[in-house]
There are 2 protein chains.
Amino acid sequence: MISSTVENYLKRIYLEQQTDPKALVPMGKLAAVMQVVPGTATAMVKTLADSGLLEYEPRGGIRLTAGGEQLALHVLRRHRIIELFLVNHLGLDWSEVHAEAETLEHAVSDKVLERMDTLLNHPRFDPHGDPIPPAKGRMPTESWIPLPAVPAGQRAQIAQLSDQDPAFLQFIERNALTPGTEIYVASYDPQADAVTLNVPDGSHITLGGAAAEKIMVRLGRVSQCGTRVP
Amino acid sequence: MISSTVENYLKRIYLEQQTDPKALVPMGKLAAVMQVVPGTATAMVKTLADSGLLEYEPRGGIRLTAGGEQLALHVLRRHRIIELFLVNHLGLDWSEVHAEAETLEHAVSDKVLERMDTLLNHPRFDPHGDPIPPAKGRMPTESWIPLPAVPAGQRAQIAQLSDQDPAFLQFIERNALTPGTEIYVASYDPQADAVTLNVPDGSHITLGGAAAEKIMVRLGRVSQCGTRVP
DNA sequence: TCTCCTTTTTTGAGTTATCAAAATAATTGG
DNA sequence: CCAATTATTTTGATAACTCAAAAAAGGAGA
């Protein structure tokens, strides 16, 4: 039986890996995201390597094996389906479901998960726009760019929010910037570190660079299938 | 933070206590139901006593304190609401939800639990007929008797099944003996160790004493409010 | 009352996951 | 190229939970 601690390590390593797929994940980074001291990460990584879940290059870094990645994706699938279920079926606020799913992802059985998946109609994205790993098959590749990379005068669609902080997500919701929203980038001034957008309801809003960087968009009016927050 | 191990001990102790409320729960019994060696139970009981969750009489037995009982009831409430939610909202079979709830009861937050409770319309009984401890206030007292205690010729209503084994529960369902069912006790022969019942659909069935003992009933046609398996 | 048997407690040890702090390796600027 | 800094690993401890097996306490029957 695989412990929830191990599940968390695998999930985190996978997510770190995605930020730079060719590089090894450094131990310091892993320790930081797992909120443990470096020595703890080293110890855990050794046991994970012994279990064949990752490759460990001492003083170099780590990389998940195919087996490790499969387990990580399974955890991620649980996490994201649970998030969506909590929003769509239990009426929780999307800003709080991340924290709930952190715990539930280790407790929900495959059977219960597949029921949720069916009830949700096999969704492709979670409430924050993150793709839900399919039960079998490869992870879909996403082509997102951060909002500040969109040239002024372009249309785009909000795809994903890469910060799960409830306060940030509530801000996003208050300003109708949830995934799926079509926006128009009115201006981007690198000097002022400011992006101004028009949103469908007619209003416009100006964001600083730090906030804009957390908003991932798809250029043009690509249609995105899958359930998401209205 | 209270560990799920501790939650399980408290829950089990509470349930054992109920079988004979005036007596202390013996250590051997606790070890048996927790499936640990006696020494483990002793060690855990000492820490629980130090935390003020139970009273421990060495070589005598244990009894939950008010605080311990409150925590136990909280766990039991989670367990039973989750069971009902899994049956009514996720369509799981009632014979399998006990096992699922054993894990989920330690992972579901109060917020999620109260959403389930609301969605279920504040049910009073779980799928097996066990009363759901209220969020606040005392546990309702049930007046059940085992099926063999019903005199022949009497009507009764099935109240609860005191065995969570999926095979037994599937048998119960196949024979339409789920909680809420009105039955008529046609005969009871202690010598033959057999009870024969008539069920609403017109058929009748004969049970051995061991199976009949696991079926708790309410005499007469008392109406039981609360959601249950159809 | 005095063994024998059962129950319970104690003792010693193992596992998993963690931290603190010392030791070591790698990198980087002068 | 070397010293200083930074990253990583090692070492020694701890907490929670567990088991195995020895020791102790309580009966119950002769």
Side-chain angles (χ1 to χ4, degrees), chain A residues 1-14 16-17 19-20 22-64 68 71-72 75 102-103 105-107, chain B residues 1-14 16-17 19-20 23-64 67-68 71-72 75 102-103 105-107:
Chain A
M1 210 15 26
I2 183 161
S3 72
S4 42
T5 306
V6 168
E7 288 191 341
N8 278 330
Y9 273 90
L10 294 175
K11 181 183 64 173
R12 280 283 155 212
I13 294 166
Y14 175 85
E16 280 312 308
Q17 191 102 80
T19 66
D20 185 358
K22 27 194 171 303
L24 296 178
V25 176
M27 297 302 283
K29 198 71 214 284
L30 177 60
V33 296
M34 288 302 297
Q35 310 202 71
V36 294
V37 299
T40 302
T42 302
M44 175 55 83
V45 155
K46 280 183 179 175
T47 78
L48 295 180
D50 288 345
S51 312
L53 296 170
L54 53 78
E55 283 161 41
Y56 170 41
E57 273 186 31
R59 293 185 190 274
I62 56 181
R63 167 179 291 129
L64 291 181
L71 280 174
V75 179
E102 280 302 295
T103 308
E105 68 189 3
H106 309 296
Chain B
M1 207 20 21
I2 183 160
S3 73
S4 41
T5 307
V6 168
E7 287 190 342
N8 278 330
Y9 273 90
L10 294 175
K11 182 183 63 173
R12 281 282 156 210
I13 294 166
Y14 176 84
E16 279 313 308
Q17 190 100 80
T19 66
D20 184 358
L24 296 177
V25 176
M27 298 303 282
K29 197 73 215 283
L30 177 60
V33 297
M34 288 302 297
Q35 310 202 72
V36 294
V37 298
T40 303
T42 301
M44 176 56 81
V45 154
K46 281 183 179 176
T47 79
L48 295 180
D50 288 348
S51 313
L53 296 170
L54 53 78
E55 283 162 39
Y56 171 41
E57 273 187 31
R59 297 191 187 269
I62 55 181
R63 170 179 290 130
L64 292 181
L71 281 174
V75 178
E102 280 300 296
T103 308
E105 68 189 4
H106 309 294

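Each chain gets a letter, A, B and so on, in the order its sequence line appears, and its residues count up from 1. Side chains are part of it too, since the values below use all heavy atoms of this structure and drop only hydrogens, waters and symmetry mates.
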In residues 23-35 of chain B, which residues come under 4.0 Å of DNA chain D by heavy atom? B/Gln35

Show me, pair by pair, the donor-acceptor contacts under 3.5 angstrom made by side chains of residues 25-43 of chain B, not counting sequence neighbours?
| residue | atom | partner | partner atom | Å |
| --- | --- | --- | --- | --- |
| B/Lys29 | NZ | B/Glu16 | OE1 | 3.1 |
| B/Thr42 | OG1 | B/Pro38 | O | 3.3 |

Using side chain to side chain contact (heavy atoms under 4.5 Å, CB included) as the criterion, list what pairs up with B/Leu64, not counting sequence neighbours. B/Leu10, B/Ile13, B/Tyr14, B/Gln17, B/Leu54, B/Glu69, B/Ala72

Whole angstrom is fine here: how far is it from CZ in B/Arg12 over to P in D/dC17? 17 Å

Show me, pair by pair, the donor-acceptor contacts under 3.5 angstrom made by side chains of residues 45-53 of chain B, not counting sequence neighbours?
| residue | atom | partner | partner atom | Å |
| --- | --- | --- | --- | --- |
| B/Thr47 | OG1 | B/Met44 | O | 3.0 |
| B/Ser51 | OG | B/Thr47 | O | 2.8 |

Walk me through it: do A/His106 and B/Thr103 pass the test side-chain contact (heavy atoms from CB on, under 4.5 Å)? CA-CA 9 Å; A/His106 309 296; B/Thr103 308; over 6 Å; no

Counting the atoms with a prime plus P, OP1 and OP2 as sugar-phosphate, which does B/Val36 contact under 4.0 Å by heavy atoms, base, sugar-phosphate, or nothing? sugar-phosphate

Choose from D/dT9, D/dC19, D/dC17 the nucleotide whose nearest atom is closest to any side-chain atom of B/Thr5. D/dC17

If you apply the rule side-chain contact (heavy atoms from CB on, under 4.5 Å), what do you find for A/Leu71 with A/Glu7, and how did you get there? CA-CA 8 Å; A/Leu71 280 174; A/Glu7 288 191 341; over 6 Å; no

Contacts of A/Ser3 meeting side chain to side chain contact (heavy atoms under 4.5 Å, CB included) (sequence neighbours excluded), chain-then-number -> A/Thr5, A/Val6

Note: contacts of residues 40-59 of chain B with DNA chain D (heavy atom, under 4.0 Å) are B/Thr40, B/Met44, B/Arg59

B/Tyr9 has a side chain; which of D/dT18, C/dC19, D/dC19 sits nearest to it? D/dT18

What is the distance, rounded to the nearest whole Å, between atom CD of B/Glu7 and atom C1' of D/dA16? 15 Å

Straight-line distance of A/Ile62 CD1 to A/Glu55 CD, nearest 0.5 Å: 11.0 Å

